[in-house]
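Throughout, protein chains are lettered first and strands after them, A, B, ... in sequence-line order, and every chain is numbered starting at 1. All of these numbers come straight from a predicted model, not from anything done at the bench.
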Protein chains: 2
Amino acid sequence: MEQRDRPMGHCTRANEVISLVGDKWTVHIVMLLTQGKRRFTEIERAVDGISRKMLTVTLRALERDGFVERTVYPTVPLRVEYCLTDLGFEMAEPLRALGNWAIANQERVFDARRRFDGQAGETMAINAHKERR
Amino acid sequence: MEQRDRPMGHCTRANEVISLVGDKWTVHIVMLLTQGKRRFTEIERAVDGISRKMLTVTLRALERDGFVERTVYPTVPLRVEYCLTDLGFEMAEPLRALGNWAIANQERVFDARRRFDGQAGETMAINAHKERR
DNA sequence: CGGTATCCGAAGCGATACTG
DNA sequence: CAGTATCGCTTCGGATACCG
């Protein structure tokens with residue numbers, strides 16, 4: 001809507017793509033599909049905790065952006081397979097790099113988090129709205 | 001709250017970190033801070049469209065996770081500077097890689113998106129009745 | 001200058017029920 | 001099997017007003 005033609009326009013675009021992978025399930029699904037094609041129910045079972053609705057929504061978003069290809073086999077019963085496109089595999093690389101970094105450094109992050117939360121209740125009263133997990 | 005000890009625990013953790021960078025403003029701010037420390041208002045002006053509230057919230061989250069360090073100079077008027085920590089700079093690398101990929105390939109993504117949206121009502125029998133406006 | 005507090009609409013997401 | 005439709009709760013995020 002309010003797109004000024006600033007030199008950062010491409011950053012806004014980039015952020016859109018990154019926002020996609022920032023949601024709750026996309027990374028899980030993309031990483032699963034790097035291992036090969038999967039059927040709807042296979043993904044549902046592999047990605048623990050995902051609801052049918054969110055699986056559909058997430059897969060549609062990935063399909064729309066060209067990361068995932070959906071193939072329907074009109075057998076009985078129905079059979080639908082999802083696999084990464086070339087674009088999907090390419091994006092999976094930097095995504096995996098970020099994921100690996102996150103896995104490798106989670107302790108440092110959670111240490112910092114505990115430290116921050118620990119001294120938060122003493123001097124200031126800013127928390128109470130950030131206690132999520 | 002309900003963290004099951006599944007073998008995918010580390011994926012869940014990784015996803016938490018990735019979720020942080022997936023929000024609307026984090027990437028912009030982190031990338032800005034890779035260029036050096038910035039004052040609150042400097043960030044506000046550099047990251048176009050961000051509200052005061054979201055700037056505060058995002059910076060707090062980054063500080064909590066140990067990516068950003070906040071330094072207060074009790075001068076008059078007040079002066080607060082934000083800079084990346086070592087952890088922040090380390091994370092910025094894979095993050096930049098993902099961002100660069102997104103910038104380099106945005107056209108492919110938006111092409112796919114237009115293609116998907118274009119044929120949404122034509123060939124597929126899935127919708128057929130949902131195109132009501 | 002650098003925040004915090006509150007209100008509120010929008011979006012995310014799960015639960016449930018129904019369909020081809 | 002592989003979805004779609006609807007509901008309702010929760011979180012996100014902008015607008016506004018106030019504070020040390």
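Regarding Phe40(B), its CZ atom lies at a distance of 8 Å from the P atom of dT4(C), rounded to whole Å. Atom P of nucleotide dG3(D) and atom CD of Glu44(A) are separated by 10 Å, given to the nearest angstrom. We find that CG of Leu55(A) is positioned 14 Å from P of dA15(C), with the value rounded to whole Å. Rounded to whole Å, atom P of dC1(D) lies 16 Å from atom CG of Leu59(A). In this structure, Trp25(A) places its CH2 atom 9 Å from C1' of dC13(C), rounding to the nearest Å. Distance Lys53(A) NZ to dC9(D) C1': 11 Å, rounded to the nearest Å. Atom NZ in Lys37(A) sits roughly 18 Å away from atom C1' in dA2(D) (whole-Å rounding). For Met54(B) and dC7(C), the CE to C1' distance is 16 Å, given to the nearest whole Å.
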From CA spacing to verdict: side chain to side chain contact (heavy atoms under 4.5 Å, CB included), Leu59(B), Arg70(B): CA-CA 9 Å; Leu59(B) 285 171; Arg70(B) 178 173 175 269; over 6 Å; no
Derivation of the side chain to side chain contact (heavy atoms under 4.5 Å, CB included) call for Val57(A) and Arg60(A): CA-CA 5 Å; Val57(A) 168; Arg60(A) 282 291 177 282; 5.8 Å; no
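OP1 or OP2 of dG2(C) sits under 4.0 Å from a side-chain N or O of Arg39(B). For dC1(D), the OP1/OP2 oxygens have no side-chain nitrogen or oxygen of Tyr82(A) closer than 4.0 Å. For Arg70(A), a side-chain nitrogen or oxygen approaches OP1 or OP2 of dG3(D) to under 4.0 Å. Arg52(B) has no side-chain polar atom (N or O) that falls below the 4.0 Å cut-off from OP1 or OP2 of dT4(C).
Taking the side chain of Leu78(B) as heavy atoms from C-beta on, and the options dG3(C), dC1(C), dT4(D), the nearest nucleotide is dC1(C). Ranking dC1(C), dG3(D), dC1(D) by closeness to the Thr41(A) side chain, first place goes to dC1(D). Relative to the side chain of Lys24(A), the nucleotides dG3(C), dT4(D), dC13(C) differ in distance, and dC13(C) lies closest.
For Asn15(B) (side chain) and Lys24(A) (main-chain N/O), a donor-acceptor pair under 3.5 Å exists by modelled atom type.
The existence of a salt bridge linking Lys37(B) and Glu81(B) is confirmed by a sub-4.0 Å separation between a basic side-chain nitrogen and an acidic carboxylate oxygen.
The local environment of CG in Asp111(A) is crowded, with over 12 non-hydrogen atoms from other residues, nucleotides or ligands closer than 6.0 Å.
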